[in-house]
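All values below were derived from every heavy atom in this structure, side-chain atoms included, with hydrogens, water molecules and symmetry-related copies excluded. Throughout, residue positions are numbered sequentially from 1 according to the sequence presented.
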Amino acid sequence: MSPVRIPSRGEYLLLAKVAEEAERYEDLVAQIKGLTQTYGGLTIEERNLLSVAYKNITNSLRSSWRIVDSLEKLESSRSAGQQSKHQVQLMRRQRSRIERELADVCKDIVNLLDDHLLSTAEPGEETVFYYKMKGDYYRYLAEFAQQSDRSRYSDLSLAAYKFAYKHALAKLEPTHPTRLGLALNFAVYYHDVRKSPERACHLGKHAFDEAVACLDDSSSVQVMRDSMMILQLLRDDLVIWSGEMQRGSWSGKLCG
């Protein structure tokens, strides 16, 4: 019996790119996992592919969850007949199935980060990138988890974001896209999970102001384009969150 041939790094990468083009994101995950488990740490291109794969899988599941959740609430608001109750039960069952799928995907990437990627990450951008991912997927778990698990996932997300942000402040420029992307997602965490638009605004505005003060023409066109896109998203969120605080009972200083 001939020995099993191990694919080369280039073969793993080629198949990963093919999977991305074909929008077969589970296949893309499988290729990058195989690459990681065989060859260790990932290049920038490889980890970007990994990020794309999990982002697309989870975005699809989160969108599905929101649709089913809205339909379930709509049906629940109607007359409480036997037929309506049965339909609500069926929708609730479907929503629960999506929640389990989403939880499995989020735990899968967290395990990959903990078991393989964080231990080999270089200080600086790579470490920030992976801890940001860890914070993101624990945030998704916190958003959709049952009440008994929500607090635990929220705390795990916060710990990952805090570590990433502290490292980013020490190692990355204020205009670095990874640092700005982290600030954006960390602020979203405070708004969506901790229900604190005040803290979201404080973090987001600090990152925005620092980056704007440091903008210059020394960065590459692609880096500047990425940074400006994230700054626009940050600005849009700051406007929305400030409006929420104006409409509510919050009496502190507004964003801006």
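Taking 4.5 Å as the limit, every side-chain heavy atom of Glu173 sits out of range of all side-chain heavy atoms of Cys214. Side chains of His176 and Ser227 form no contact here, defined as non-hydrogen atoms less than 4.5 Å apart.
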Indicate every side-chain donor-acceptor pair of residues 117-126 with a distance under 3.5 Å to a residue at least two apart or in another chain.
unit_1	atom_1	unit_2	atom_2	d
Ser119	OG	His116	O	3.4
Thr120	OG1	His116	O	3.3
Thr120	OG1	Leu117	O	3.3
Glu125	OE1	Arg47	NH1	3.2
Glu125	OE1	Arg47	NH2	2.5
Glu125	OE2	Arg47	NH1	3.4
Glu125	OE2	Thr178	OG1	2.7
Glu126	OE1	Glu122	N	3.0

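Nearest heavy-atom pair across Tyr137 and Lys55 is OH-N, 3.3 Å. Scanning all heavy atoms of the two residues, the minimum distance from Ala207 to Leu234 falls at CB-CD1, 4.4 Å.
Hydrophobic side-chain contacts under 4.5 Å tie Leu71 into a cluster, directly or through other members, with Ile67, Met91. Connectivity analysis of hydrophobic side chains (ILVMFWY, heavy atoms under 4.5 Å, direct or indirect) links Val18 to Leu14. Counting side-chain heavy-atom gaps under 4.5 Å among Ile, Leu, Val, Met, Phe, Trp and Tyr, the cluster of Val193 also holds Val128, Leu158, Tyr161, Tyr165, Leu169, Leu172, Leu182, Phe186, Tyr189, Tyr190, Leu203.
Considering only residues two or more places apart in sequence or on other chains, Lys162 meets the side-chain hydrogen bond (donor to acceptor under 3.5 Å, both in side chains) condition with none of them. The salt bridge (charged side-chain N to carboxylate O under 4.0 Å, His left out) check on Arg24 picks up Asp27, with sequence neighbours excluded.
By the 4.0 Å N-to-carboxylate-O rule, Glu101 lies close enough to Arg97 to be salt-bridged with it. Ion pairing between a basic and an acidic side chain is recognised when a charged N comes within 4.0 Å of a carboxylate O; Arg5 and Glu11 show such pairing. Between Glu143 and Arg150 there is no salt bridge, since no side-chain nitrogen of the basic residue lies less than 4.0 Å from a carboxylate oxygen of the acidic one. The residues Asp149 and Arg152 are annotated as salt-bridged, a charged nitrogen and a carboxylate oxygen being separated by less than 4.0 angstrom.
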Note to self: Gln89 vs Arg92, test: side-chain hydrogen bond (donor to acceptor under 3.5 Å, both in side chains). Steps then yes/no.
What the structure shows: CA-CA 5 Å; Gln89 288 175 347; Arg92 186 171 297 133; over 6 Å; no

Next item on the list: Apply the test side-chain hydrogen bond (donor to acceptor under 3.5 Å, both in side chains) to residues Tyr54 and Asp136: give CA-CA distance (whole Å), side-chain angles for both, the deciding distance (0.1 Å), then the verdict.
Entry: CA-CA 11 Å; Tyr54 278 104; Asp136 289 342; over 6 Å; no

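At least one test fails for Arg62 against the ring of Phe144: distance under 6.0 Å to the centre or angle within 45° of the axis.
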